[in-house]
2 protein chains.
Amino acid sequence: MGIDTLCSCENCELRELFFSSVERDELFSLCTQRTEVNYFPGDFIIQQEMPIEEFIYLKSGLVKLFISEENGKEQILTIARPFNFVSMLSIFSSNKYNYSVQALEQSVTCSIPMNQINQLVESNGRFARSVLGKMSQVSDKIIKEMMEIRKRHLRGRIAYILLYYSKELAHSPEFELALSRKEIAEYIGMTTENVIRSLTEFRKSKIIKIFGKVIEIIDMQRLEQISKFG
Amino acid sequence: MGIDTLCSCENCELRELFFSSVERDELFSLCTQRTEVNYFPGDFIIQQEMPIEEFIYLKSGLVKLFISEENGKEQILTIARPFNFVSMLSIFSSNKYNYSVQALEQSVTCSIPMNQINQLVESNGRFARSVLGKMSQVSDKIIKEMMEIRKRHLRGRIAYILLYYSKELAHSPEFELALSRKEIAEYIGMTTENVIRSLTEFRKSKIIKIFGKVIEIIDMQRLEQISKFG
DNA sequence: CGCGGCTTTGATGTTCATCAAGTAAAGTGG
DNA sequence: CCACTTTACTTGATGAACATCAAAGCCGCG
């Protein structure tokens, strides 16, 4: 068995992104310590308040980041696919998670002990630089998205979310929403009832079609207008 | 003249935070390339869309981070004092600024060419680690704050902002708001008129006193209740 | 089968934005 | 320094946007 096959990380599609700056022997060391986990929809990947012991990244799937309030309500920060990950946010500044991460679709994560990552950051400047870039990008994206949502009214927020989901997450005008109506509400900071009313209105105006969780955007242009001007 | 006095950075009160991991000769090199700038209230420190050429940190003062919309409206991301800085957000992932920074009080910044910082990140692991920690902390804080604001109604948002300003920024129950009413509105995503109405209501309920820009919190407990329960 | 959670619709009242109008404050040019 | 302009601040009235409450249908799961 050649060294090429000793470690599957060499073929990981995320290697370029996360570890392009890592030398062969460092990669091997990481690889032997990594843990791959499979999650089904609804499974918790990260629990708020738990100690951060690993650097976790998403290999495939779709997840939601959220925080739970004392009153039982939840607020969704963002929805993320691979490459926009996410265990990034607090791991270098806190020793416990400030939010939870839950799988929306079947997902696979890969974890590396945090001390390995810290060691690598300190010993490999190019790696440090690339982690900085990624982290900067991830938090920038979340903040920008929150501002985009905040400046819109209900209808505009729903339109924005539908377009975002279609273009960035599903890459198709027809898609199965992995979010419940309630989760959409938690995402955009409105009530479930009003989310539904907005969707119904879009359906009646023939802008979208609704088949339960499956949404089809019929009139992309009008949806974009609503997203822009309310 | 001894080496100790060759470079004032050695005595900079921010040295510990930003450069504790930097060796003496590296510090000297940074120091000779740094630029210190003084800003008056209203002055722009960073202009949205401008190319990022320097790593800028706040030595003293108070600033607002905001983005300008096409329609001329502005949205404030956060208000920051030193240590919670801020030129951090996109500098490692973008080559231009995504937001503007303007001085609210008289402020002093210190700038270091970006290539110096990048070089240092790549050559000094401990420095890289400390920048990662700081960046993580800064973006975490902004996101958390936006969630706190989002979950409240008008009255709660105003109460939250007043308490935040009093406790985190002014460190006193009586303080001079560096923000205009309009800026408060841009900060919490409401209209100027409703910000004023809320302040007036608090004044009439004897929760605060208002002398133009100077606010005095009289009934801290009730303000905290309003912040918590609306 | 029945229970609980999600979804949907309607009715109602609260919260909020918008418009209008007036006052105060602050900057500008002669 | 004063008239002038502009910008910030303030209050009220109105209607639109939104939350809340209530009730009923639906679906999955034990």
Side-chain angles (χ1 to χ4, degrees), chain A residues 40-43 64 68-69 71-76 102 104 149-161 176-205 208-215 226-227 229-230, chain B residues 40-43 64 69 71-76 102 104 149-162 176-205 208-215 226-227 229-230:
Chain A
F40 291 98
D43 289 351
K64 68 167 176 175
S68 304
E69 314 287 339
N71 55 18
K73 289 186 181 168
E74 291 177 357
Q75 264 198 92
I76 295 182
Q102 211 175 354
L104 290 173
I149 290 174
R150 182 171 81 169
K151 75 179 180 193
R152 289 168 167 80
H153 287 183
L154 173 62
R155 286 161 43 87
R157 291 185 188 186
I158 300 286
Y160 177 82
I161 293 295
E176 180 170 352
L177 259 181
L179 294 167
S180 70
R181 311 295 196 246
K182 192 174 158 226
E183 283 170 324
I184 298 176
E186 287 164 355
Y187 192 10
I188 66 171
M190 301 264 155
T191 57
T192 310
E193 293 95 320
N194 282 328
V195 168
I196 291 168
R197 269 185 265 269
S198 240
L199 288 173
T200 307
E201 188 203 319
F202 289 170
R203 176 173 56 71
K204 285 184 180 164
S205 314
I208 60 172
K209 282 187 183 170
I210 304 177
F211 317 94
K213 295 231 162 240
V214 175
I215 307 277
I226 294 172
S227 170
F229 308 107
Chain B
F40 291 98
D43 289 351
K64 68 168 176 175
E69 313 287 339
N71 55 16
K73 289 186 180 168
E74 291 177 358
Q75 262 198 92
I76 295 182
Q102 211 175 353
L104 290 173
I149 291 175
R150 183 172 79 170
K151 75 179 178 193
R152 288 167 167 82
H153 287 182
L154 173 63
R155 286 161 43 87
R157 291 185 188 185
I158 300 287
Y160 177 83
I161 292 295
L162 290 178
E176 181 171 351
L177 258 182
L179 292 168
S180 70
R181 311 294 196 246
K182 191 174 157 227
E183 283 170 323
I184 298 177
E186 288 164 355
Y187 192 9
I188 65 172
M190 300 264 154
T191 57
T192 310
E193 294 96 321
N194 282 328
V195 168
I196 292 168
R197 269 185 266 268
S198 240
L199 287 173
T200 307
E201 187 202 321
F202 289 170
R203 177 174 55 73
K204 286 183 180 165
S205 314
I208 61 172
K209 282 185 182 170
I210 304 178
F211 317 95
K213 294 229 162 245
V214 175
I215 306 276
I226 295 172
S227 170
F229 308 106

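By convention in this document, chain letters (A, B, ...) are assigned in the order of the sequence lines, proteins followed by strands, and residues within each chain are numbered from 1. Here the structure is a predicted model, which is why all the values come from computation and not from measurement.
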Between [atom2] on [N] and [atom1] on [X], what's the gap in Å once rounded to a whole number?
X         : N       : atom1 : atom2 : answer
Ile196(A) : dG25(D) : CD1   : P     : 16 Å
Leu179(A) : dC6(C)  : CG    : P     : 13 Å
Ile184(A) : dT8(C)  : CD1   : C1'   : 14 Å
Glu74(B)  : dT7(D)  : CD    : P     : 13 Å
Arg155(B) : dA19(D) : CZ    : P     : 17 Å
Glu186(A) : dG5(C)  : CD    : C1'   : 13 Å
Leu177(A) : dC6(C)  : CG    : P     : 15 Å
Glu201(B) : dC16(C) : CD    : C1'   : 13 Å

Look at the side chain of [X] and decide which nucleotide, out of [options], has an atom nearest to it.
X         : options                  : result
Met190(A) : dC9(D), dA19(D), dT7(C)  : dA19(D)
Arg203(A) : dT18(C), dT9(C), dC18(D) : dT9(C)
Ser180(B) : dC18(D), dC16(C), dA8(D) : dA8(D)
Glu193(B) : dA22(D), dT7(C), dA20(C) : dA20(C)

[N], OP1 or OP2 - any side-chain N/O from [X] closer than 4.0 Å?
X         : N       : answer
Lys213(A) : dC6(C)  : no
Arg181(B) : dT10(D) : yes
Asn194(B) : dA17(C) : yes

> Between Lys204(B) and Glu183(B), who's closer to the 5' end of DNA chain D by nearest nucleotide?
Replying inline: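 Mapping each residue to its closest nucleotide by heavy atoms, the 5'-most match is Glu183(B).
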> Is there a donor and acceptor pair closer than 3.5 Å between the side chain of Arg197(A) and the base of dT20(D)?
Replying inline: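 Side chain to base: pair found, below 3.5 Å.
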> Do Leu104(A) and Glu183(A) come close enough that some side-chain heavy atom pair is under 4.5 Å?
Replying inline: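 Side chain of Leu104(A) against side chain of Glu183(A), heavy atoms only: contact under 4.5 Å found.
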>> Any side-chain to backbone donor/acceptor pair from Gln102(B) onto Gly42(B)? Under 3.5 Å, distance only.
In response: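 It does hold such a pair.
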> Which pair of heavy atoms, one from Thr191(A) and one from Ala185(A), lies closest together, and at what distance?
Replying inline: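 For Thr191(A) versus Ala185(A), the nearest heavy atoms are C-CB, 3.6 Å.
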Contact class for [X] vs. all strands (heavy atom < 4.0 Å): base, sugar-phosphate, or nothing?
X         : value
Arg157(B) : nothing
Thr200(B) : sugar-phosphate
Leu154(B) : sugar-phosphate

> Rounded to the nearest 0.5 Å, how far does CZ of Arg157(A) lie from CZ of Arg152(A)?
Replying inline: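 Here the rounded value is 9.5 Å.
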> How many angstroms lie between NE2 in His153(A) and CG in Asn194(A), if you round to the nearest 0.5 Å?
Replying inline: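 Output value for this atom pair is 13.0 Å.
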